[in-house]
Structure formats: structure tokens, C-alpha cells
**Q** 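Can you keep this structure in mind? I'll have questions shortly.
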Amino acid sequence: MNSKVWLILPAYNEDELIAETAKRLDEVLNKLIENGKLSQDSRILFVDDGSSDDTWKKIAELHNSNDRIKGLRLAVNAGQQNAIYAGIMQAKSENVDAVVTLDVDLQDDIEKIETFIDKMNEGYEAVFGVHNERNTDTFMKKHTAIVFYKFMKFMGVNVIENHSEFRLLSRTCIERLSEFKEANLFLRGIVTKLTKNYILVDYERKNRLGGTPKFSFNSSFELAVNGITAFTLDPIRFICVFGLAITLFSFLLLSKCLFVFTLWFFGGLQLLAIGIIGEYIAKINEETKKRPRYFIDEIL
């Protein structure tokens with residue numbers, strides 16, 4: 001089946017990687033086209049997420065020499081999730097059969113793209129890449145990722161463990177994704193709601209192609225908060241249950257030596273509870289403003 005598939009890659013200050021990444025992905029597309037698995041209309045779309053270096057210049061140069069390379073430039077930095085969404089919506093406007101999203105550093109195994117296409121041809125509406133090892137990650141990144149997924153699961157968010165942004169979404173899933181209007185995007189939580197007809201594909205995560213990671217600990221923490229507040233009310237419910245337990249337990253505190261401790265301890269818990277509730281209120285405030293997720297500056 002000759003499917004029209006676009007590869008979507010968000011890029012922020014990645015000028016030193018663009019050329020090599022495009023070269024390797026172009027080789028993958030050529031192979032799949034020659035084997036009759038993709039149509040000649042398949043493309044590679046780089047989404048420049050408001051970079052301050054020569055990322056867009058590199059994308060434009062590649063586009064001028066290879067019409068298979070496409071570019072989408074956002075006016076300002078909108079964040080990885082919005083950049084991916086912008087790329088998917090641009091592909092949607094071109095009537096693609098599917099998109100494959102992945103990182104520009106090629107830590108994702110691009111040889112698995114063929115497996116993704118095969119699974120789509122078998123009838124799956126979504127294919128999610130899951131890295132089975134984290135040998136290339138630093139100690140801090142490896143263990144914070146483990147905590148991230150375990151905590152998300154504990155908080156009731158339906159995410160696939162060790163799945164980042166390496167996935168295939170069919171036309172059906174793309175159409176459904178376009179119906180999600182929230183400002184605080186958490187794609188890893190949304191994609192599992194698009195279809196039950198999906199499959200996981202294991203792969204080994206590779207070393208970064210070059211440069212330095214642009215996704216910091218703060219970015220990961222913010223992504224986790226967005227995921228929790230967007231997909232579960234468990235933290236607020238936990239506060240309610242814990243508040244009731246404290247009320248009942250307070251009747252047992254008759255000793256004066258516990259008075260100061262309980263005053264400070266539960267005072268701190270109250271501040272924490274107010275902070276959690278405040279986070280939800282802040283998200284509601286952002287959603288009610290209905291601000292645009294991003295602005296497109298240029299399309300190649």
C-alpha cells in the first residue's frame with residue numbers, strides 16, 4: 001500500500017543536527033518508497049519552534065535542494081508539545097494518510113519507521129514506540145524518567161511507560177486529535193484516548209546525534225504537571241481524603257508535646273494543598289482565555 005506519510009520533527013536551536021538528520025531520514029523514505037510502502041508524496045517536516053540560531057536557515061537550504069524536505073516556522077517558542085501539534089495539523093491540511101513524530105536528535109530508532117508502516121498496513125490506527133532500555137541516558141535522566149512514569153500512573157494518568165514522542169498516528173487519529181482544544185497539551189496522555197486499536201513497538205534508544213539536549217529538568221517537571229492536571233482529579237481527591245483523616249486523627253492528639261509539631265506539620269500540608277488547588281485554578285484560567293497555541297511565521 002502506497003501511503004502518504006509525513007515525518008514530523010520539532011526543532012529548537014538544533015542547527016548542527018538538521019542536515020545529518022534530514023540525510024538519514026531521506027534515506028529511510030527512499031527505501032520505503034522503492035519498496036512500495038510509501039507514496040512519492042511522503043515528506044519530512046521540520047517544525048522550527050522559534051529557534052534563535054540558524055535552524056530555520058538550515059531547513060530552508062535543505063528545502064531548496066530537496067523538495068521532500070518541508071519546513072514550518074513558528075513565530076515564537078511555543079514548546080515541544082505545541083510544535084508537534086502544529087506539524088501534525090500542517091500534515092493534516094495536506095491530506096496525509098499518517099504521520100510519524102520523532103525527535104530531531106535521532107535517539108529514536110528510525111529503522112523502526114518501516115515497522116510502524118507495516119503495523120499500520122495491518123490495520124492498526126496508532127503505533128507507539130517504547131524504548132526498552134535507557135542505557136544512553138544519564139543517571140539523573142534515567143531515574144527521573146522512572147519516577148515520572150510511576151508517579152503519572154499513581155496519579156491515574158493513562159500513559160504508556162517509556163513512550164516519548166516516537167509514534168505513528170493514522171488519519172483517523174489525526175482527525176480526532178484536532179478536536180482536542182485545551183491549551184495545556186500533553187500528547188502522551190491524549191494519544192491513548194484517540195483509539196483502542198494501537199500496538200507497541202519496542203526499540204533501543206540510541207545516543208544523541210550531536211549537540212546538547214534542549215529538554216531540561218524544569219521542562220520535564222512542567223510536562224508532568226500538565227499531564228496530571230489535565231487528565232486526573234486524584235490530587236484534589238487525595239486532599240479531601242487526607243483532610244478527613246487529619247480531622248479524625250486530631251481527636252486522638254491529647255498530649256501537649258505533640259501540639260507544636262502538629263501545628264507546623266499540618267500547617268505545611270495546608271499550604272501544599274492550597275498550592276495544588278491553585279495549580280488547577282491556574283490551568284482553568286489559562287483555558288478560559290482561549291489563547292492561540294502558536295503562530296505560524298512561514299511555511300516551506
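Quantities reported herein were computed from a predicted structural model and do not represent experimental measurements.
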**Q** Using modelled atom types only, decide if a donor and an acceptor are shared between the side chain of His63 and the backbone of Lys70 within a distance under 3.5 Å.
**A** no
**Q** Give, for atom CG of Asn197 and atom NZ of Lys119, the distance between the pair rounded to the nearest 0.5 Å.
**A**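 Going from the CG atom of Asn197 to the NZ atom of Lys119 covers 12.0 Å.
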**Q** Will you find, in the side chains of Arg205 and Asn162, an N or O donor that is under 3.5 Å from an N or O acceptor?
**A** no
**Q** Measuring from Leu25:CG to Leu102:CG, what's the distance to the nearest 0.5 Å?
**A** 6.0 Å
**Q** Should Ile174 and Ile299 be regarded as members of a common hydrophobic cluster, given that ILVMFWY residues are connected when their side-chain heavy atoms come within less than 4.5 Å of each other, either directly or indirectly?
**A** yes
**Q** Taking ring-ring contact (aromatic ring centres under 6.0 Å, His included) as the criterion, tell me which of Phe116, Tyr198, Phe166 meets it with Phe128.
**A**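 Only match with Phe128 under ring-ring contact (aromatic ring centres under 6.0 Å, His included): Tyr198.
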**Q** Which is it for Lys92 and Glu94 under the salt bridge (Lys or Arg N to Asp or Glu O under 4.0 Å) test, yes or no, and what are the steps along the way?
**A** CA-CA 5 Å; Lys92 174 178 176 290; Glu94 298 289 339; over 6 Å; no
**Q** Does the pair Glu27/Lys31 count as a salt bridge with the N-to-O cut at 4.0 Å?
**A** no
**Q** Identify the two heavy atoms, one from Lys37 and one from Ile117, that lie closest to each other, and give their separation to 0.1 Å.
**A** O-CG2, 3.9 Å
**Q** I'd like to know if the side chain of Asn13 reaches the main chain of Ser51, judged simply by a donor and an acceptor atom lying under 3.5 Å from each other, with no hydrogens or angles considered.
**A** no
**Q** I'd like to know if the side chain of Asp54 and the backbone of Lys57 have a donor-acceptor N/O pair within less than 3.5 Å.
**A**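 No; zero donor-acceptor contacts below 3.5 Å.
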**Q** Has the side chain of Arg293 got a donor or acceptor atom that lies under 3.5 Å from a matching backbone atom of Glu182?
**A**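 At least one qualifying donor-acceptor pair exists.
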**Q** Can you tell if the side chain of Glu165 reaches within under 4.5 Å of the side chain of Gln81, non-hydrogen atoms only?
**A**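 A side-chain contact exists here, since the closest heavy-atom pair is under 4.5 Å.
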**Q** Show your working on side-chain contact (heavy atoms from CB on, under 4.5 Å) between Arg171 and Asp97 and close with a plain yes or no.
**A** CA-CA 5 Å; Arg171 179 73 188 186; Asp97 296 309; 5.5 Å; no
**Q** Starting at CG of Leu38, measure out to CD of Glu114 and round the result to the nearest 0.5 Å.
**A**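 Nearest 0.5 Å value for the CG-CD distance: 9.0 Å.
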**Q** Nearest 0.5 Å, what's the CG-CD1 distance between Asp103 and Ile110?
**A** 13.0 Å
**Q** Considering only heavy atoms from C-beta outward, does the side chain of Glu161 approach that of Val130 to under 4.5 Å?
**A**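 When only atoms from C-beta onward are counted, Val130 and Glu161 do not touch, as no gap falls below 4.5 Å.
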**Q** When clusters are formed by joining ILVMFWY residues with side-chain heavy atoms under 4.5 Å apart, either directly or through shared neighbours, do Leu45 and Ile296 land in the same one?
**A**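 Yes, Leu45 connects to Ile296 through the hydrophobic network.
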**Q** Quick one: does Lys4's side chain get under 4.5 Å of Arg43's, heavy atoms only?
**A** no
**Q** Does the pair Asp26/Arg68 count as a salt bridge with the N-to-O cut at 4.0 Å?
**A**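 So Asp26 pairs with Arg68 through a salt bridge.
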**Q** Can you measure from CD1 (Ile18) to CD1 (Ile59) and round to the nearest 0.5 angstrom?
**A** 4.5 Å
**Q** Is the number of heavy atoms from other residues, nucleotides or ligands within 6.0 Å of CD (Glu122) greater than 12?
**A** yes
**Q** Do Thr172 and Thr195 come within less than 4.5 Å of each other through their side chains, counting heavy atoms only?
**A** no
**Q** Compute the ring centroids of Tyr85 and Phe180, then answer whether they are less than 6.0 Å apart.
**A** no
**Q** Any luck finding a side-chain donor-acceptor pair between Tyr12 and Asn77 under 3.5 Å?
**A** no
**Q** Check whether any side-chain heavy atom of Glu204 sits under 4.5 Å from a side-chain heavy atom of Lys112, and report yes or no.
**A**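 In short, these two side chains do not touch, never coming nearer than 4.5 Å.
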**Q** Do Arg176 and Glu125 come close enough that some side-chain heavy atom pair is under 4.5 Å?
**A** yes
**Q** Is there side-chain contact between Arg167 and Leu187, with heavy atoms separated by less than 4.5 Å?
**A**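 Side-chain contact under 4.5 Å: yes.
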